[in-house]
Amino acid sequence: MRPTILLSALVLSLSASVDAQKPKRDLERFDVSGLPATPNTDVERQIFLFLRVHRKGDLNDATRIHMLLAQYYKDIGDKVRADDCTRMAADAYEAGSKMAPETARSPGKPPFSAEHTLRRTFVYTDDLNVAHTWEFYLDGTFSHAVSSESRAAGPNETGWYTRSRAQMRIWQLNPSVDRTVSFELLGPDGSDGAVMDGVRMAPAS
């Protein structure tokens, strides 16, 4: 089961209760005190995965995690934690909406014009239990981060992409990469995930 996140409705419903004088909170402090040490359900595994691949400073991702936690706590009847996570989600969303347009800040100039770009984040875990996060930006840049139990998350590579039919061309300056892979969005604009080079990826935003 994947919780449905309606951020616009969330912000509208909570805007009247936001206190401009409240002390600033760490928007990337995630309340996991009500989670089991080892995930037992699909929702718990999804939350642990998103926590593991979260990149410091990504407030859109922080908003998503807070909302997942809020829905989780609501489902198990923990109203106090659910309400606190909902407030944290609203604060993270408000702060993130004031940030500059997103980009992976990829170096170099690709030998193509970026077409059919999208703003989506997809995640998957490979056979070696390494978590991958692919982030695609509207300016035609991308970032690819990996993490595992023994390795903190971080962008391993950034580059540029363009889409044509059922393919995606990926270009990087360093290390030098220029390759074309199969790419298919699942659901409207990738809302149900994507298949990249034969690998099924789940949506993370």
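For reference, positions follow the sequence shown, starting with 1. Values reported hereafter were calculated over all heavy atoms of this structure, with side chains retained and with hydrogens, waters and symmetry mates removed.
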**Q.** Value rounded to 0.5 Å, distance of CD in Glu184 from CZ in Arg165
**A.** 15.0 Å
Q) Looking at OG of Ser147 and CG of Leu49, how far apart are the two atoms once the value is rounded to the nearest 0.5 Å? A) 7.5 Å
**Q.** Parallel, tilted or perpendicular: ring planes of Phe183 versus Phe136, cut at 30 and 60 degrees
**A.** perpendicular
Q | Gap separating the CD atom of Gln46 from the CD1 atom of Ile65, nearest 0.5 angstrom | A | 10.5 Å
(Q) I need the minimum non-hydrogen distance between His66 and Ala92, along with the two atoms involved. (A) CD2-CB, 4.3 Å
Q. Should Leu186 and Val195 count as side-chain neighbours, where that means a heavy-atom distance under 4.5 Å?
A. yes
Q) If we only count heavy atoms from C-beta on, is the Val199 to Phe122 side-chain gap below 4.5 Å? A) no
Q) Hey, are Thr133 and Arg55 close enough side-chain-wise for a donor-acceptor pair under 3.5 Å? A) no
(Q) Which heavy atom of Arg45 sits nearest to which heavy atom of Asp42, and what is that distance? (A) NH2-OD1, 2.9 Å
Q. Taking the side chain from Gln167 and the backbone from Ser164, do they hold a donor-acceptor pair closer than 3.5 Å?
A. no
Q | Non-hydrogen side-chain atoms of Asp61 and Thr121 separated by less than 4.5 Å | A | no
Q: Taking all non-hydrogen atoms of both residues into account, name the closest pair between Met67 and Ala89 and its distance.
A: SD-CB, 3.5 Å
Q. Do Arg200 and Tyr124 have side-chain heavy atoms sitting under 4.5 Å apart?
A. no
Q) If you look at every heavy atom in Leu128 and Asp126, which pair is closest and at what distance? A) N-OD1, 2.9 Å
Q: Kindly indicate whether the side chain of Leu185, heavy atoms from C-beta on, has any atom under 4.5 Å from the side chain of Arg163.
A: yes
**Q.** Hydrophobic cluster identity match, Ile170 and Tyr137, side-chain contacts under 4.5 Å
**A.** no
Taking distance alone, no hydrogens or angles, what donor-acceptor pairs closer than 3.5 Å link side-chain atoms of residues 30-39 to residues at least two apart or in another chain?
unit_1 : atom_1 : unit_2 : atom_2 : d
Asp31  : OD1    : Ser33  : N      : 3.1
Asp31  : OD1    : Ser33  : OG     : 2.5
Ser33  : OG     : Arg81  : NE     : 2.9
Ser33  : OG     : Arg81  : NH2    : 3.2

Q | NZ/NE/NH1/NH2 to OD/OE distance under 4.0 Å, Arg64 and Asp58 | A | no
(Q) So, taking the atom named CE in Met88 and the one named OG1 in Thr86, what distance separates them when rounded to the nearest 0.5 Å? (A) 11.5 Å
Q: List, by chain and then residue number, the residues other than Trp160 in its hydrophobic cluster (Ile/Leu/Val/Met/Phe/Trp/Tyr, side-chain heavy atoms under 4.5 Å); write none if there are no others.
A: Phe112, Trp171, Leu173
Q: Taking all heavy atoms of Thr158 and all of Ala104, pick out the closest pair and write down the distance.
A: CG2-O, 4.0 Å
Q.
Using 0.5 Å steps for rounding, measure from the NZ atom of Lys56 to the CD atom of Glu28.
A. 4.0 Å
Q) How many angstroms lie between atom CG of Asp189 and atom CZ of Arg120, to the nearest 0.5 angstrom? A) 6.5 Å
(Q) Between the side chains of Arg169 and Asp178, is the shortest nitrogen-to-carboxylate-oxygen separation below 4.0 Å, so that they form an ion pair? (A) yes
Q: Indicate the atoms forming the closest heavy-atom contact of Glu115 with Thr162, along with that distance.
A: N-OG1, 2.9 Å
Q | Sub-4.5 Å side-chain heavy-atom contact between Asn60 and Glu135 | A | no
Q.
If you define the side chain from C-beta out and look only at heavy atoms, does anything of Phe142 sit under 4.5 Å from Gln172?
A. yes
Q) Do the side-chain N and O atoms of Gln71 and Asp75 include a donor-acceptor pair separated by under 3.5 angstrom? A) yes
(Q) Less than 4.5 Å apart, side chain to side chain, heavy atoms only: is that true for Thr117 and Tyr161? (A) yes
(Q) Are Ile47 and Ile76 linked, directly or through intermediate hydrophobic residues, by side-chain heavy-atom contacts shorter than 4.5 Å (ILVMFWY only)? (A) yes
